Amino acid sequence: MFERHKKGEDAILVCLDFGDPDYRDDVDEFVQLVSSAGVTPLHVVEGKRSRPDPAFFAGTGKAEEIALAVRSHGAELVIFNHQLSPAQERNLERVLQCRVLDRTTLILDIFAQRARTSEGKLQVELAQLAHIQTRLIRGWTHLERQKGGIGLRGPGETQLETDRRLIGGRVKRLKAQLATVQKQRSTQRRARQRRGEFTVSIVGYTNAGKSTLFNALTKAKLYAADQLFATLDTTSRKLYLDSEHSVIISDTVGFIRQLPHTLVAAFRATLEETVEADLLLHVVDVSHPLRDMQISEVNKVLNEIGAEQIPQLLVWNKIDLRDQPAGLEYDESGRVIAARVSAKQGLGLDELRRALIETMNQSVKEDE
Ligand SMILES: Nc1nc2c(ncn2[C@@H]2O[C@H](COP(=O)(O)OP(=O)(O)OP(=O)(O)O)[C@@H](O)[C@H]2O)c(=O)[nH]1
Ligand SMILES: [Mg+2]
């Protein structure tokens, strides 16, 4: 409902280098993110700065360059790979004479497009409202005008207060609806725990191959695609490892660098599956140039949601792109810590199942 761009629009992208060593790959990821939103990137305006300009984020000279690019390419939209303050967004829209989106709004838009279940939709709308709310508080002064005349509200109440109250009311209703859905979820989860089932959550950076791995293991047919945030909703299945062992395995939403906090908060319900798992399968795209950054970003989000103490088994996925052999990796104490697989080509999956059984047996031993 808050989608701020339409699919099929043409955009000028803006990426500024503040000295991050991963800058080049970050630009590539941003272009992919924009394409995943259904927007066509026409041109990337780049620049170097030591810190953001308070008024235009990019500085006046750069803003002119962006304006020129907008005109010469006939773009309808400018998207920054950064978080903009409401004032910067407004100033930029004025000089560029077109809509300006920041990275957070873009990610929220993608989530809005992808949400399928009622739970997912509620969570995304909640995140969007939270994002708008911070913008109201941080001073949309043009909304601060007095609201004259008669109405239900007492005299002197400003439009800003009305907006805040409307949003506040909607947020409250959404949270109540979500609480109902969450309760059903936690009832299901408790039933599983009572049955003593071992639960495994597949986590990882977006596009690492989580859904592909989930499908390969469970023979399910979840949507997997070369786009960021293909999956938004958690799906769980029973997975038989051998005649004696089975686990409940869940596919989850992917993570990304600078995931908006509002989103992390809104998706807490979905991620509860993860927080209460016995084991995390942390899927990593071995062929990705930024895989180390991606691993630490995922661990950062896991920290934020309180899942940092859950044991992890690393899954190095897409070994077919690296010509690496399938197999397992152990630490000095003989505990399995990683598996090399190709989810797409079905390589290393038997070994991964064996690693899961070993980990289960290990954790049973530790419990005793
Ligand atoms: N070459 C190769 N490609 C793979 C492999 N596993 C997955 N892919 C591809 O990687 C892309 C992303 O796969 P998904 O399974 O959708 O990734 P995901 O981690 O679920 O992504 P999100 O749901 O967007 O977070 C798809 O194009 C897959 O076909 C693999 O082992 N080898
Ligand atoms: Mg997925």
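For ligands, and for the atoms within them, numbers begin at 1 and follow the listed sequence. Computed from a predicted model, the values in this text were never measured in an experiment.
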**Student:** Answer yes or no for Thr212: is there an N/O/S atom below the 2.8 Å cut-off from the Mg ion (ligand 2)?
**Tutor:** no

**Student:** Atoms of ligand 1 less than 4.0 Å from Thr212 heavy atoms?
**Tutor:** 6 (N), 7 (C), 13 (O), 14 (P), 15 (O), 28 (C)

**Student:** Heavy atoms only: give me the nearest Lys238-Ser246 pair and the separation to one decimal.
**Tutor:** CE-OG, 3.4 Å

**Student:** Tell me which one of Leu217, Leu279, Leu241, Ile357 satisfies side chain to side chain contact (heavy atoms under 4.5 Å, CB included) with Val247.
**Tutor:** Leu241

**Student:** What protein heavy atom lies closest to atom 25 (O) of ligand 1? Include the residue and the distance to one decimal.
**Tutor:** Lys210 NZ, 2.9 Å

**Student:** Go through ligand 1 atom by atom and flag the ones less than 4.0 Å from a non-hydrogen atom of Ser342.
**Tutor:** 30 (C), 31 (O), 32 (N)

**Student:** State the atoms of ligand 1, each with its element, that fall below the 4.0 Å cut-off from a heavy-atom position in Asp320.
**Tutor:** 1 (N), 2 (C), 30 (C), 31 (O), 32 (N)

**Student:** Assess, by modelled atom type and distance only, whether the side chains of His288 and Asn207 contain a donor and an acceptor separated by less than 3.5 Å.
**Tutor:** no

**Student:** Please say whether Lys318 places an N or O atom under 3.5 Å from an N or O atom belonging to ligand 1.
**Tutor:** yes

**Student:** Atoms of ligand 1 less than 4.0 Å from Gly254 heavy atoms?
**Tutor:** 25 (O)

**Student:** With a 3.5 Å cut-off and no angle check, do the side chains of Asp251 and Ser211 form a donor-acceptor pair?
**Tutor:** yes

**Student:** For Asp102 and Gln88, does a side-chain donor sit closer than 3.5 Å to a side-chain acceptor?
**Tutor:** no

**Student:** Quick one: closest heavy-atom pair of Trp316 and Ala338, and the distance?
**Tutor:** NE1-CB, 3.7 Å

**Student:** Using a 4.0 Å cutoff against the non-hydrogen atoms of Ala224, which atoms of ligand 1 qualify?
**Tutor:** 14 (P), 15 (O), 16 (O)

**Student:** Aromatic rings His82 and Phe18: how do their planes relate, parallel, tilted or perpendicular, breaks at 30° and 60°?
**Tutor:** perpendicular

**Student:** How far is atom 11 (C) of ligand 1 from its nearest protein heavy atom, and which residue and atom is that?
**Tutor:** Asn207 OD1, 3.6 Å

**Student:** Would you mind checking which non-hydrogen protein atom is closest to atom 6 (N) of ligand 1, with the distance to 0.1 Å?
**Tutor:** Asn317 ND2, 3.2 Å

**Student:** Measure the distance from atom 16 (O) of ligand 1 to every protein heavy atom, then report the residue, atom name and distance (to 0.1 Å) of the closest one.
**Tutor:** Ala225 N, 3.0 Å

**Student:** In this structure, which one of Leu314, Thr359, Leu313 forms a side chain to side chain contact (heavy atoms under 4.5 Å, CB included) with Leu281?
**Tutor:** Leu313

**Student:** Does a salt bridge link Glu351 with Arg354, judged by any charged N lying under 4.0 Å from a carboxylate O?
**Tutor:** no

**Student:** Which pairs, with at least one residue in residues 279-296 and sequence neighbours excluded, count as a salt bridge (Lys or Arg N to Asp or Glu O under 4.0 Å)?
**Tutor:** Asp285-Lys318

**Student:** So, for Asp278 and Pro311, which heavy atoms are closest and what is the spacing to 0.1 Å?
**Tutor:** O-CD, 3.6 Å

**Student:** Counting from 1, what ligand 1 atoms have a heavy atom of Thr206 closer than 4.0 Å?
**Tutor:** 22 (P), 24 (O), 25 (O)

**Student:** Should you measure from each heavy atom of Gly209, which atoms of ligand 1 turn up under 4.0 Å away?
**Tutor:** 7 (C), 13 (O), 14 (P), 15 (O), 17 (O), 18 (P), 19 (O)

**Student:** May I ask you to identify the nearest protein heavy atom to atom 24 (O) of ligand 1, giving residue, atom name and distance to one decimal place in Å?
**Tutor:** Ala230 N, 2.6 Å

**Student:** Pairs of nitrogen or oxygen atoms closer than 3.5 Å, one from Leu321 and one from ligand 1: do any exist?
**Tutor:** no

**Student:** Below a 4.0 angstrom heavy-atom separation, can you tell me which part of Ile319, side chain or backbone, both or neither, approaches ligand 1?
**Tutor:** neither

**Student:** Are the side chain of Tyr205 and the backbone N or O of Val283 linked by a donor-acceptor pair below 3.5 Å?
**Tutor:** no

**Student:** Taking N or O atoms only and a 3.5 Å limit, does Thr252 qualify as a polar contact for ligand 1?
**Tutor:** no

**Student:** At a 4.0 Å threshold, what atoms of ligand 1 neighbour a non-hydrogen atom of Ala208?
**Tutor:** 19 (O)

**Student:** Could you find the nearest protein heavy atom to atom 3 (N) of ligand 1 and give me its residue, atom name and distance?
**Tutor:** Lys344 CD, 3.4 Å

